[in-house]
Amino acid sequence: MRFAKTTNIPVLLIGHVTKSGEIAGPRVLEHIVDVVLYLEGERFTSYRMLRAVKNRFGSTDELGVFEMSESGFQAVSNATEMFLTEQDPDSDVLVGLAFTVIMDGSRTFIIEVQALCLSQSPVGGSTSKVVNGVDINRANMIKCVLIKQAGLHIPSVHLNVVSGLTLTETAGDLAIAAAICSSFLEYPIPKGIAFIGEIGLSGELRTVPRIDKRVHALAKLGYKTCVVPKQAVKALGTEGLENIKIVGCKNLKEFINVVFSR
């Protein structure tokens with residue numbers, strides 16, 4: 001710190017993190033520096049995320065996404081491609097797939113949620129073993145609400161979030177329910193539809209923070225329809241959303257009738 005202040009030369013300190021995700025070493029190190037950055041990434045992927053947890057010169061509400069190439073780190077212009085898979089619009093694989101928008105800092109990511117409904121529970125298999133990328137308590141809650149409030153008798157569900165991402169936001173509740181209903185009803189969800197919203201225990205749909213930014217991100221990527229809670233429709237307005245249809249639903253029953261009616 002003294003060297004940096006006396007010479008006006010930036011100093012970069014590179015260290016490791018512990019198993020709990022904290023910087024190894026004394027906490028005083030984090031206090032004396034101006035910026036703390038975390039470089040994160042999965043072991044078997046070339047993508048890395050640069051996250052600011054402290055910044056005396058600006059906002060920490062930013063996230064940088066980079067890809068390791070032959071010439072070093074390169075910025076990823078469209079980070080959404082990390083979490084989406086190429087699909088044939090006429091393929092049966094669209095059954096049980098739904099899309100939602102999550103936020104990390106100020107950046108939006110469109111992710112794919114997959115569901116597989118079985119006619120009976122797997123032998124010797126617990127629910128925790130067939131849920132990847134979704135909080136187990138949240139998944140069980142959504143399944144129970146679908147059984148109680150929507151009348152769907154779902155014996156067993158496998159859930160997965162593409163690319164190993166963990167869905168921690170309640171904004172993905174509606175996409176999880178859509179994927180489950182799609183698989184259970186054997187009804188493919190048409191391409192270009194996304195779902196944003198939180199589900200309550202009585203089956204009501206609730207709005208989520210910064211829903212306007214999420215919907216605008218979908219519009220920029222060419223999505224044609226977005227299903228949201230009805231109370232969020234008025235707040236969204238129409239500016240910048242001329243090419244995307246906003247569908248508002250009050251509860252799960254109305255949502256199923258609108259999306260899955262033949």
Side-chain angles (χ1 to χ4, degrees), residues 21 42 80 82-85 87 93-104 108-189 193-211 214 218 226-229 232 249-260:
E42 294 293 331
T80 293
M82 297 166 52
F83 311 118
L84 299 181
T85 55
Q87 298 167 347
V93 77
L94 291 176
V95 173
L97 302 187
F99 298 91
T100 188
V101 183
I102 63 170
M103 298 201 67
D104 197 322
T108 55
F109 297 95
I110 299 175
I111 65 170
E112 178 182 335
V113 180
Q114 302 175 328
L116 175 63
C117 293
L118 303 178
S119 57
Q120 58 184 1
S121 299
V123 178
S126 64
T127 310
S128 60
K129 293 181 180 179
V130 294
V131 175
N132 297 311
V134 181
D135 179 73
I136 182 64
N137 295 321
R138 199 76 195 170
N140 285 334
M141 188 210 78
I142 294 173
K143 176 185 172 182
C144 292
V145 173
L146 285 172
I147 293 173
K148 175 68 176 180
Q149 305 298 341
L152 300 181
H153 301 287
I154 307 169
S156 178
V157 179
H158 293 247
L159 288 174
N160 179 56
V161 178
V162 172
S163 296
L165 195 72
T166 300
L167 180 58
T168 57
E169 283 193 88
T170 56
D173 287 359
L174 200 56
I176 295 173
I180 294 174
C181 291
S182 174
S183 179
F184 180 78
L185 300 172
E186 294 290 334
Y187 188 103
I189 297 177
I193 298 181
F195 307 89
I196 305 173
E198 178 181 345
I199 298 176
L201 288 178
S202 60
E204 80 278 12
L205 304 186
R206 299 174 177 270
T207 188
V208 296
R210 293 186 286 186
I211 193 171
R214 302 174 197 261
L218 291 169
C226 182
V227 181
V228 299
C249 298
K250 289 183 179 180
N251 50 49
L252 279 178
K253 288 184 178 180
E254 182 180 352
F255 161 74
I256 294 173
N257 290 334
V258 169
V259 178
F260 300 99

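Model, not experiment: these values are computed from the prediction.
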Let me confirm one number: the CD1-CD1 distance from Ile180 to Ile142, rounded to the nearest 0.5 Å.
6.5 Å

Partner set under side chain to side chain donor-acceptor pair (under 3.5 Å) for Thr170, not counting sequence neighbours
Glu198

Applying side chain to side chain contact (heavy atoms under 4.5 Å, CB included), can you list everything that pairs with Lys148, at least two apart in sequence or on another chain?
none

For Asn257, all residues meeting side chain to side chain contact (heavy atoms under 4.5 Å, CB included), sequence neighbours excluded:
none

Hey, is the main chain of Tyr187 close enough, under 3.5 Å, to the side chain of Ser182 for a donor-acceptor pair?
yes

Give, for atom CD1 of Ile256 and atom CG of Leu185, the distance between the pair rounded to the nearest 0.5 Å.
7.0 Å

Is Arg214 reaching over with its side chain to a backbone N or O of Pro209, donor-acceptor style, under 3.5 angstrom?
yes

Sequence neighbours excluded, which residues qualify as side chain to side chain donor-acceptor pair (under 3.5 Å) partners of Arg206?
Glu204

Just by modelled atom types, is the Leu118 backbone N or O under 3.5 Å from a matching donor or acceptor in the Ser156 side chain?
no

Out of Val145, Asn251, Leu146, which one pairs with Ile199 under the side-chain contact (heavy atoms from CB on, under 4.5 Å) rule?
Val145

Before accepting this row, confirm whether a basic side-chain N of the pair Arg210/Glu169 lies closer than 4.0 Å to the acidic partner's carboxylate O.
no

Set of residues satisfying side chain to side chain contact (heavy atoms under 4.5 Å, CB included) with respect to Ala175, sequence neighbours excluded
Ala98, Thr100, Val113, Phe195

